[in-house]
Amino acid sequence: MKPNTTKLHKLFQTSKNIALFGHTSPDGDCIGSMLGLWKILEKQGKRISYFTPTIPSKLFGFLPDIKKIKTTFDYKTYDLIVFVDFSTYDRIDVFAKNKDYFDKNIIVVIDHHPGNPPKHALAHKDIKAMSTSEIIFELAQKLWKKHLDKTIATYFYLGLVTDSGNFLFDENHERIFSNALALVKLWADKTLINNNIIRQKSLNQIKFLGILINRIQIKGDILYCYYEQKELKKYNIDEEEAWYGLVVIQNIQGPRLIIMFKKLKEYIKCSLRTNDTIPWQQPIDCNLIAKQFGGGGHPGAAWCSFPNKGNLTTLITSVVTQINKSLKK
Ligand SMILES: [Mn+2]
């Protein structure tokens, strides 16, 4: 999809009252994109409200403007509605129940995920970008350069860091590093992001990691682990904080596939990661494995889910056995 920057610029210029939307369980890129774009637009005298269907994780509590994100939408009149870091209505969860409202409004989509935005939306999409923050920053350098400042740069830097796993997963090195450099030159607070997002973890996060580590099992090519959503309450951590477990576990040497099972109320969610670092070995495609169970994703990371029926251990054993079999083929 070729971005139409002139049209986009005009649309932003002529809109006074703007609603910015992020996706459900907003991640660092979603939040960085929202807050960065918000500040750029606010500097131009726009009235901006911003919404995500679920509360941002405690992990982002250190960001000064995070509390302004609302989790209920008023369906009032806005000149423009902007979706960042997602393209389809299902990513705004409950807000999309009133689909007619969004169908009737002018929508801009800024995103790097595959998937088709609503037909009437003006889409500024680039699926080769590592993050949406990167797309908005590149756009801002063209359209709103004079408004860029340290805070905005820090928000975009947050998006670059989180979606790239702190520059681990980037493919287009030149693009992400030149954007990171440009942001650092704008005094993006790299230390703030590193300390709060990469380095420091709460004691409860580490305690929970301990639980997960004790549950690790290895069968064939697969290392797997599980937790139940209700356990998070006991440790006073949220989903995003618990995610750290998978970040650590996926780096364990040896197994070619890492699976985290998560028992929710109605579903068992399953996150798959590859750990294929041996060059002569045929890499595992997580997407293909997830597809066997009706899920999907990327070659390196994918997900699928199962209805929460019967015994969790039985389900895990049967899924692991089935995948091991398919890996041998
Ligand atoms: Mn993203």
Side-chain angles (χ1 to χ4, degrees), residues 1 3 8 20-40 50-57 59-60 63 65-66 69 81-93 95 107-118 121 123-140 152-173 175-180 182-183 188 193 196-198 238-241 243-244 246-247 250 271-273 286-287 296-303:
M1 212 167 303
L8 196 70
L20 271 180
F21 283 87
H23 55 74
T24 190
S25 308
D27 54 16
D29 182 32
C30 179
I31 288 167
S33 298
M34 283 180 93
L35 298 183
L37 183 59
W38 154 72
K39 226 191 150 200
I40 290 173
Y50 36 94
F51 308 90
T52 55
T54 50
I55 307 169
S57 164
L59 288 178
F60 304 109
L63 298 169
D65 301 301
I66 195 80
I69 297 182
I81 285 180
V82 186
F83 290 175
V84 295
D85 203 35
F86 71 98
S87 292
T88 50
Y89 285 149
D90 59 318
R91 298 281 276 145
I92 41 168
D93 229 327
F95 293 163
I107 294 181
V108 161
V109 169
I110 309 178
D111 188 24
H112 68 134
H113 295 97
N116 292 327
H124 187 79
K125 275 181 76 127
D126 180 356
I127 56 167
K128 284 192 178 142
M130 190 73 229
S131 61
T132 300
S133 296
E134 180 168 69
I135 301 174
I136 302 177
F137 177 53
E138 287 169 356
L139 195 66
I152 295 167
T154 305
Y155 286 142
F156 291 149
Y157 188 80
L158 166 71
L160 257 69
V161 161
T162 47
D163 264 20
S164 69
N166 202 17
F167 308 102
L168 267 178
F169 313 124
D170 52 292
E171 277 159 15
N172 190 343
H173 312 301
R175 181 174 181 183
I176 192 167
F177 282 117
S178 55
N179 278 325
L183 288 168
I193 302 299
N196 287 281
I197 296 291
I198 308 299
D238 56 42
E239 297 279 345
E240 289 276 331
E241 290 176 290
W243 191 251
Y244 178 57
L246 184 58
V247 173
Q250 72 182 8
S271 302
L272 303 115
R273 295 287 183 277
C286 290
N287 179 39
H298 312 279
W303 44 90

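Indexing begins at 1, ligand by ligand and atom by atom, following the structure's order.
- For the pair R175 and D126, the salt-bridge criterion is met [side-chain N within less than 4.0 Å of a carboxylate O].
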>> Applying side-chain contact (heavy atoms from CB on, under 4.5 Å) to E239 and S57, what does each step give before you reach the verdict?
In response: CA-CA 8 Å; E239 297 279 345; S57 164; over 6 Å; no
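- Within the protein, the N, O or S atoms lying under 2.8 Å from the Mn ion (ligand 1) are D29 OD2, D85 OD1, H112 NE2, D163 OD2.
- Considering only heavy atoms from C-beta on, F167 comes within 4.5 Å of V161 through its side chain.
- Counting only heavy atoms from C-beta outward, the side chains of F169 and M130 approach each other to under 4.5 Å.
- A 4.5 Å side-chain heavy-atom check between H112 and D85 finds at least one atom pair inside the cut-off.
- Two residues are said to be in side-chain contact when any heavy atoms from C-beta on lie closer than 4.5 Å; F86 and C30 fail this criterion.
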